[in-house]
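For the numbers below, each heavy atom of this structure counts, side chains included, while hydrogens, waters and symmetry mates do not.
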Amino acid sequence: MSARTHVLLDLDGTLSDSEPGIVRSLQWACELEGFPVPDAATVRTVIGPPFEIGLPMIGIPDDALERVIDRYRERYTTIGAYENTLYDGIVELLDRLLDDGLILAVATAKPEQTAHPILDYFGISDRFAVRAGATLTPERRTKAEVIEFALRELDIAADPDLGEHVIMVGDRDHDVHGARAHGIGCIGVNWGYGSPEELLGAGAVVLADHPAEVAALVHDTYRVDHW
């Protein structure tokens, strides 16, 4: 086995296909707030990063962000969060990583108040030592901030060999950027919402086409340029 001890995993687009609930909830919010309703392909481009980053890119003005996001959460927290499925092979991947003696943590930009119920709904919460997500207030919003919080909760933030011991698994460039901010490599997954070009352009150390490939890739050694 390698020196790897911990694996951080993104949620949306990595563990689960949350697109249907996010699309429907955002379309509902835009319609109620009087904005053009984006199609599914447009919404897909903003799944992952915090909405305050993504929504301006699809035409929601800054002065309406809070209103649209609040409306989105009205539907998402009660309905949309559960229009959601685990990708095939995810439970087997998590169990394989645990069998390898690795400690797992979720690191998602989704707010914890919705991320935790989703993990409970899927029955996989007990596989994670830490379930780190964003806050609804400004102190923990970016992926780098979420990862920093996860590392502190895991009591490994001060590890001088963090890059050897920890790896991230995610589907969008902000997963890669957030990991690199801490000198951690990121395995990019091709079944989520990003593209291979996006992930490799951000600096993903390797790409996986299926969850079954990830367990072996976790143990490889990669060179990571610290941001």
Side-chain angles (χ1 to χ4, degrees), residues 9-87 106-122 131-150 170-178 181 188-199 201-202:
L9 297 112
D10 177 47
L11 178 53
D12 292 340
T14 300
L15 298 180
S16 76
D17 180 9
S18 55
E19 181 177 354
I22 293 173
V23 168
R24 293 167 191 161
S25 299
L26 187 56
Q27 289 174 333
W28 181 81
C30 288
E31 182 176 10
L32 289 181
E33 293 300 327
F35 293 103
V37 175
D39 61 23
T42 299
V43 177
R44 185 183 178 91
T45 67
V46 301
I47 298 177
F51 270 164
E52 58 262 34
I53 295 172
L55 293 190
M57 298 167 59
I58 63 169
I60 304 300
D62 289 344
D63 61 0
L65 282 178
E66 185 174 354
R67 194 168 76 248
V68 172
I69 291 170
D70 286 347
R71 186 71 79 171
Y72 164 86
R73 287 177 180 148
E74 286 180 25
R75 185 187 188 279
Y76 187 76
T77 55
T78 56
I79 300 172
Y82 308 104
E83 296 171 321
N84 195 351
T85 55
L86 285 179
Y87 289 110
V106 170
T108 175
K110 182 185 289 296
E112 285 186 356
Q113 72 170 29
T114 50
H116 287 189
I118 290 169
L119 294 166
D120 292 343
Y121 172 73
F122 289 136
R131 297 177 297 164
T135 55
L136 296 179
T137 47
E139 69 268 15
R140 192 164 77 241
R141 297 296 299 158
T142 69
K143 199 53 171 270
E145 291 166 345
V146 170
I147 290 174
E148 180 180 0
F149 174 75
D171 70 306
R172 296 299 308 268
D173 54 2
H174 77 125
D175 297 311
V176 183
H177 294 157
V189 305
N190 286 333
W191 58 82
Y193 307 129
S195 66
E197 294 76 17
E198 173 186 327
L199 289 161

* Structure fact -> For R172 and G194, the nearest pair of non-hydrogen atoms, with its separation, is CD-N, 3.3 Å
* **Identified salt bridge (Lys or Arg N to Asp or Glu O under 4.0 Å) counterpart of R24 within the set E83, E31, E19** => E83
* Under 3.5 Å donor-acceptor, Q27 side chain and P38 backbone -> yes
* Asked: Nearest heavy-atom pair of Y193 and D17: which atoms, and what distance?
  -> OH-OD1, 2.8 Å
* Asked: So, do C30 and Y72 sit near enough that their side-chain heavy atoms are less than 4.5 Å apart?
  -> no
* To do: Taking all heavy atoms of A107 and all of I147, pick out the closest pair and write down the distance.
  => CB-CG1, 4.2 Å
* **Separation between CH2 of W28 and OH of Y76, rounded to the nearest 0.5 Å** => 14.5 Å
* Please answer whether the main-chain N or O of A134 pairs with a side-chain N or O of E112 as donor and acceptor at a distance below 3.5 Å. => no
* Asked: Hey, what do you get for OG1 (T14) to CG (D171), rounding to the nearest 0.5 Å?
  -> 4.0 Å
* Sequence neighbours excluded, which residues qualify as side-chain hydrogen bond (donor to acceptor under 3.5 Å, both in side chains) partners of D39? -> T42
* Counting N and O atoms only, with roles assigned by atom type, does the side chain of T114 sit under 3.5 Å from a partner on the main chain of P111, one being a donor and the other an acceptor? -> yes
Side chains of residues 50-63: which donor-acceptor pairs under 3.5 Å do they make with residues two or more places apart or in other chains?
unit_1	atom_1	unit_2	atom_2	d
E52	OE1	R141	NH2	2.8
E52	OE2	R141	NE	2.7
E52	OE2	R141	NH2	3.1

* Structure fact -> Heavy atoms of G80 and S25 approach each other most closely as CA-OG, 3.8 Å
* To do: Determine whether L119 and L11 make a side-chain contact, defined as any pair of heavy atoms from C-beta on separated by less than 4.5 Å.
  => yes
* Considering only heavy atoms from C-beta outward, does the side chain of D120 approach that of R131 to under 4.5 Å? -> yes
* To do: Calculate, to the nearest 0.5 Å, the distance between atoms OG and CG belonging to S195 and N190 respectively.
  => 8.5 Å
* Asked: Quick one: CG on L32 to CZ on R75, what's the gap to the nearest 0.5 Å?
  -> 10.5 Å
* Got a second to check how far R44's CZ is from L26's CG, nearest 0.5 Å? -> 15.0 Å
* Those residues that, when tested against S16, pass side-chain hydrogen bond (donor to acceptor under 3.5 Å, both in side chains) (two or more places apart) -> N84
* Asked: What are the two closest non-hydrogen atoms of L199 and G170, and how far apart are they?
  -> CD2-O, 4.1 Å
* Asked: How long is the span from the CZ atom in R71 to the CD atom in E66, to the nearest 0.5 Å?
  -> 13.0 Å
* Asked: F149 ring centre to R140 NZ or CZ under 6.0 Å, with the angle to the axis within 45°?
  -> yes
* Can you tell me if T108 uses its side chain to pair, donor with acceptor, with the backbone of K110 under 3.5 Å? -> yes
* **Exam field: side chain E145 to backbone T142, donor-acceptor pair closer than 3.5 Å** => yes
* Structure fact -> Taking every heavy atom of A132 against every heavy atom of V146, the minimum-distance pair comes out as O-CG1, 3.7 Å
